[in-house]
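What follows is a set of notes on a single structure, which appears directly below.
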Amino acid sequence: MRIIADPATLSTLPQQPGVLVPTMGALHEGHFELIRRARSEAGPEALVMVSIFVNPIQFDRPDDLAAYPRTMEEDLEKCRAEGVDLVFTPDADAVFFPDRSTKVIESALSDTLCGATRPGHFDGVCTIVLKLFNLLRPTAAVFGEKDYQQLAIIRRMVRDLNIPVEIIGHSTVREPDGLAMSSRNARLTAEQRADAPRIRQAMLAAAEESTPETILSTARQAIESPLNQIDYLELVDAETLETATDLTQPSLLATAVFYNSVRLIDNLLIPAR
Ligand code: PAF
């Protein structure tokens with residue numbers, strides 16, 4: 001397994017087909033599923049590449065950036081065990097020019113859900129993902145569906161800018177109790193961790209309801225607990241991410257929930273009826 005930190009080294013490598021899994025490290029089973037998916041898409045010939053970079057420009061809160069778990073040694077060990085071919089681990093200084101003045105802005109899907117409460121977040125995501133695509137030149141890249149909005153925005157960016165990378169979405173990987181796997185789960189107290197599966201249970205129960213209003217009210221009631229605070233809870237059209245007014249099109253029930261400063265997200269696709 002090659003570990004490369006210097007972007008300049010990448011341009012000296014022979015051009016080879018490869019599937020990229022972009023990550024911010026603190027790798028867990030959810031990432032390994034993405035890596036295995038990348039291997040099955042790549043086949044034995046193409047490279048499986050993982051980037052590990054905590055991207056400062058997608059964080060809106062300095063405390064969240066500072067608290068983001070960093071476990072590079074373990075991450076590299078696990079990548080090796082998963083048969084990854086190349087890991088890209090740049091420093092922020094090597095990725096961003098101090099006087100940079102260009103960024104990617106997606107302006108239709110980015111303002112709702114996570115974008116509404118995290119201004120600039122998706123500009124930061126799009127900008128780093130495009131930079132990673134340009135540096136690593138993958139043929140395909142795998143993203144988790146837990147970050148549904150991120151996946152939709154990256155698909156839109158790739159379509160709009162004719163970026164020659166196939167985007168592969170992979171279904172959310174969950175703990176046995178239903179909690180979506182996330183690097184942030186490690187920051188929950190035992191009490192919060194025991195409470196957090198209510199998010200998934202609430203969404204499944206709410207999906208049984210027959211109108212957008214009752215879906216939202218059922219979900220809200222079942223998510224709320226003395227330990228958490230809902231950042232947003234919305235039912236949106238699964239394609240446009242605009243508020244769903246009926247259930248005739250596939251819709252997405254999406255939420256972000258704070259347990260103190262730990263922000264967890266989850267979503268559920270509700271088929272058209
Ligand atoms: O989903 C993530 O971990 C990040 O948003 C990504 C795609 C690696 C960009 O920094």
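In each ligand, atom 1 is the first atom listed, and ligand 1 is the first ligand listed.
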Run the numbers for me: atoms of ligand 1, each under 4.0 Å from some heavy atom of [X], listed by number.
| X | value |
| --- | --- |
| Ile128 | 9 (C), 10 (O) |
| Gln58 | 4 (C), 5 (O), 9 (C), 10 (O) |
| Pro22 | 8 (C) |
| Gln150 | 1 (O), 2 (C), 4 (C), 5 (O), 7 (C) |

Query raised in the report: What's the shortest distance from atom 3 (O) of ligand 1 to any protein heavy atom, and which residue and atom give it?
Result: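 Checking every protein heavy atom, the shortest distance to atom 3 (O) of ligand 1 gives Met24 CG, 3.6 Å.
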Salt bridge [X]-[Y], side-chain N to carboxylate O under 4.0 Å:
| X | Y | answer |
| --- | --- | --- |
| Asp177 | Arg198 | no |
| Lys78 | Glu73 | no |
| Asp85 | Arg2 | no |

Query raised in the report: Counting N and O atoms only, with roles assigned by atom type, does the side chain of Asp123 sit under 3.5 Å from a partner on the main chain of Lys103, one being a donor and the other an acceptor?
Result: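 Side chain of Asp123 to backbone of Lys103: no pair is present.
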Query - Residue list, salt bridge (charged side-chain N to carboxylate O under 4.0 Å, His left out) with Asp91, at least two apart or on another chain - result: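 Residues passing salt bridge (charged side-chain N to carboxylate O under 4.0 Å, His left out) with Asp91: none at all.
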